[in-house]
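Each remark here refers to the structure printed beneath this line.
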Amino acid sequence: RTMPDAASETFYLTTPIYYVNDAPHIGHAYTTVAADVVTRWHRQRQEPVWFLTGTDEHGQKVMRTAEANGVSPQEWADRLVESSWKPVLHTLDALNDDFIRTTQPRHTERVQAFIQDLYTKGEIYAGSYEGPYCVGCEEYKLPGDLVDGTGEHEGQKLCPIHGKPVEMLSEQNYFFKMSAYQDRLLALYEAHPEFVQPASARNEVLAFVKGGLQDLSISRNTFDWGIPIPWDTTHVLYVWFDALLNYATAVGLDSDDPEQRAKFAATWPPSVHLVGKDILRFHAVIWPAMLMAAGLPLPRTVFAHGWLLVGGEKMSKSKLTGIAPSQIIDHFGSDAFRYYFMRAIAFGQDGSFSWEDLAARYNAELANGFGNLASRVAAMVGKYYGGVLPQAGPAGPAEQALEQVAAQAVAAAEKAIDALAIHEAVNAVWTLVDATNLYLTEQEPWKVAKADDEKTPDGGSAQEGRLATILVTAAEALRSLAVLLHPITPKAAQALWESLGAEAPLGALAVQPVDGAAHFGVLPAGTTVTKGASLFPRLEDPVTE
Ligand code: ME8
């Protein structure tokens, strides 16, 4: 029961639930966009999909932020969720199915039942903890995790992620017997190499667990912003034990409600937990140990992506390097935001953000490469055929080759999505953009049109029907691109789809299946092709910062 084999029908993907101590920056948006691209892709394969995101609202970090702002933690959380965390999903064009908040009763009640069960089973015991704690990470640290401070922090031990002094705790706590799970975890990583991805993350986790596991302190009794421990309400649950359970409570763990029970059966276990590498150990070590203790099936994959860096450091609000998604989206649009971060950074590795790189890719790839292609084809159908798609003649070698590129792009992108190599999926789709541009350059439809004009009235030329064939083929390539780009740049894909007069909806709920993009010959003669507004207007001064 504890092995990840028992997959449900549903492709269930989660993002981390984000702390509400601050508003989202582009690091958070990066994970959410990746999650949205992958789930849209799976929807477009017509699989059942569940995409969960939400907010992590308990713990000292949020409590202190609320205090500093002179409001209660609950008021603070409510304010941030409504003003920032929910709206940013709309800004990013993310189609999440649910949004869990850890202060919701559906979560707190089930979390209490879960830990009571572990306590009853003897998995939790009372003890005392003495050691360093980083409130920024909300994590108990080992002395070896820390670095020596310099300058104003001379003589202090610092958290390497936050660069701030850790706090020394000395508390009576409850402990989870995590050390007992070392062998079972190692067996899991061995039997299921796909459990932790990419390989660099798997190696880190293996080395960490092989080094031995300590029991985990799972309660705090020096503050009260958390879920009370049911058998000892002077303690609140450690925020990470609380937070990790969101993935299960949100889909109906241990609910009495029949509808929720059915939801859990259809959804559990998760297919992919997408996380940043900062929180890999929580997801790849503590979380499976918790599920093993409870006897629940394990997620299939924890995928840790890299960090967005600014000036070589992990971008963060606390270091004032955080950039709000709207700073980029107001200027470039949500499609360009999604495209840029998914293509420019190898998913799984760190990547540096720069305005110059974003602007250069926007103009070269989106405006000139793709947007211009779409408007040229629509303009030529308008000019030569009054905006009505003609009947194509027989496909020659160039047409067959382009259709072959489309088929290969679909196959390569599908494979890349399954491996969560999102950047490779975008690259694969772009081979079709490039090949279609090249096809037009080589076939020179404008010259064919001119030759047709000069043709003698009594005899057909060898070029007969060629112009129609070229433009219909280009339109078919665009139709494929609209389907393939829908998960990545949904707004532009929808606009392109409509400009091709395609009648069936492209939208995420009534989708054109991905594999339909591998074939041409779908758009019927007589289809109205309209040249709408430019999909990605060229920006003359793309950087305003
Ligand atoms: O850790 N680059 O929440 P959090 C890339 N509440 N991704 C980044 C990033 C960056 N510079 N900065 C943040 C928590 N992220 C916990 C999670 S889950 C049960 C609880 C993304 O608000 C990345 O996904 O600190 C990272 O793991 C997450 O935001 C951390 O968000």
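Please read these numbers as outputs of a predicted model, since none were measured by experiment. When a ligand or atom number is given, it counts from 1 through the structure's own listing order.
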Counting both backbone and side chain atoms, is some N or O of M315 under 3.5 Å from an N or O of ligand 1? yes

Counting heavy atoms only, which of G27, P24, G306, A243 is nearest atom 15 (N) of ligand 1? G27

Under 4.0 Å from any heavy atom of D56, which atoms of ligand 1 are there? 6 (N), 16 (C), 20 (C)

Nearest neighbour in protein (non-hydrogen) for atom 1 (O) of ligand 1: I279 CG2, 3.5 Å

Do the side chains of E424 and K415 get close enough for a salt bridge, i.e. N-O under 4.0 angstrom? no

Hey, are K263 and D257 close enough for a salt bridge, meaning a charged N less than 4.0 Å from a carboxylate O? no

Does even one non-hydrogen atom of H283 get within less than 4.0 Å of ligand 1? yes

Quick test of your reading of the structure: of F353, Y247, F341, whose heavy atom lies closest to atom 19 (C) of ligand 1? Y247

May I ask you to check whether Y119 and W231 place their ring centers less than 6.0 Å from one another? yes

Check: L485 and W430 side chains under 4.5 Å, non-hydrogen atoms: yes

When you check the gap from the basic side-chain N to the acidic O, do E123 and K121 get nearer than 4.0 Å? no

Mark the output for W287 as yes if a heavy-atom distance to ligand 1 is under 4.0 Å, and as no if none is. no

With R40 as the cation and F51 as the aromatic partner, state whether NZ or CZ is under 6.0 Å from the six-membered ring centre and within 45° of the axis. no

What class does the angle between the rings of F347 and H305 fall in, given that below 30° is parallel, 30 to 60° is tilted and above 60° is perpendicular? tilted

Shortest protein heavy-atom distance from atom 17 (C) of ligand 1, along with the residue and atom involved: I17 O, 3.1 Å

Looking only at protein heavy atoms, which one is nearest to atom 12 (N) of ligand 1, and how far off is it? H25 CE1, 3.2 Å

Heavy-atom nearest neighbour in the protein, as seen from atom 30 (C) of ligand 1, with distance rounded to 0.1 Å: D278 OD2, 3.9 Å

Among all the protein's non-hydrogen atoms, which is closest to atom 29 (O) of ligand 1, and how far away is it? H28 CD2, 3.3 Å

Can you tell which part of K277 has a heavy atom less than 4.0 Å from ligand 1: side chain, backbone, both or neither? neither

Protein contact to atom 2 (N) of ligand 1 [nearest heavy atom, distance to 0.1 Å]: L308 N, 2.8 Å

On the ring face of Y189, is R202 found with NZ or CZ under 6.0 Å from the centre and within 45° of the axis? no

Where is the nearest protein heavy atom to atom 23 (C) of ligand 1: which residue, which atom, and how far? T31 OG1, 3.4 Å

Atom 3 (O) of ligand 1 [closest protein heavy-atom partner, distance rounded to 0.1 Å]: Y19 CD1, 3.3 Å

Under 6.0 Å from the ring centre and within 45 degrees of the ring axis: does the NZ or CZ of K141 meet both conditions for the six-membered ring of Y133? no

